[in-house]
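In what follows, a structure is listed as structure tokens, so that the remarks can point back to it.
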Amino acid sequence: VLAFDYWVDDDVHSLDFYGWNDTQQGSSGDSYITHLQHKAWTHATVAIDTLQGGAGVHDGDRFQNLVIESGQKFGAMYIDNITLTRAPGK
């Protein structure tokens, strides 16, 4: 589970997540957060195994080089307090 705080301006409409799945030798990613709070620090969590694009992510896969980006060319985005933990029961 990826947890973090974000701040985005009104030009940002989604936060996208991409990374390299070393186990499957392919990239995985998704436009995951599309309902953003604008101009306020907000806490978010993402279950990495729910990313469906590309190779996908499965329990036990080795996932690296995680990228968090806005889905738009312009707009300010700030990320802070990032943690990555194992989901309960996994």
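Values reported hereafter were calculated over all heavy atoms of this structure, with side chains retained and with hydrogens, waters and symmetry mates removed.
Cluster note: Trp41 groups with Trp7, Tyr78 through ILVMFWY side-chain heavy atoms spaced under 4.5 Å, whether in direct contact or through intervening members.
Residue Tyr6 is grouped with residue Ile82 when hydrophobic side chains (ILVMFWY) are merged at heavy-atom distances under 4.5 angstrom, including chains of intermediate members. Under a hydrophobic clustering in which Ile, Leu, Val, Met, Phe, Trp and Tyr are joined whenever their side-chain heavy atoms come within less than 4.5 Å, directly or via other members, Tyr18 and Leu36 fall into different clusters. Cluster annotation: Leu66 and Leu84 are assigned to the same hydrophobic cluster (Ile/Leu/Val/Met/Phe/Trp/Tyr, side-chain heavy-atom contacts under 4.5 Å, transitive).
Using modelled atom types, one finds a donor on one side chain and an acceptor on the other under 3.5 Å when comparing Gln24 with Asp61.
In terms of heavy atoms, Ile68 sits closest to Met77 at O-CE, 3.6 Å. The two residues His38 and Asp9 make their nearest non-hydrogen contact at CD2-O, 2.9 Å. Nearest heavy atoms, Ala3 versus Thr45: CB-CG2, 3.9 Å.
A distance of 5.0 Å separates CH2 in Trp20 from CD in Gln25, rounded to the nearest 0.5 Å. To the nearest 0.5 angstrom, Ser14 atom OG is 11.0 Å from His35 atom NE2. Here the CD-CG distance, from Gln72 to Asp11, works out to 8.5 Å after rounding to the nearest 0.5 Å. To the nearest 0.5 Å, the span separating NE2 on His43 from CG on Asp80 amounts to 11.5 Å. In this structure, CD1 on Ile33 lies 12.5 Å from OG on Ser70, to the nearest 0.5 angstrom.
Take Asp5 and apply the salt bridge (charged side-chain N to carboxylate O under 4.0 Å, His left out) test, not counting sequence neighbours, and it matches no residue.
Asp10 and Lys39 are joined by a salt bridge, as a carboxylate oxygen and a charged side-chain nitrogen come within less than 4.0 angstrom of each other.
With hydrogens and angles disregarded, a donor-acceptor distance shorter than 3.5 Å links the side chain of Thr42 to the backbone of Ala40. For the pair Gln64 (side chain) and Asp22 (backbone), a donor-acceptor distance under 3.5 Å is absent.
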| query | Can Thr83 and Asn81 be said to form a side-chain hydrogen bond (donor to acceptor under 3.5 Å, both in side chains), step by step? | reply | CA-CA 7 Å; Thr83 60; Asn81 302 318; over 6 Å; no
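Taking the six-membered ring where the residue is Trp, Phe17 and Phe4 present tilted rings, their angle falling between 30° and 60°.
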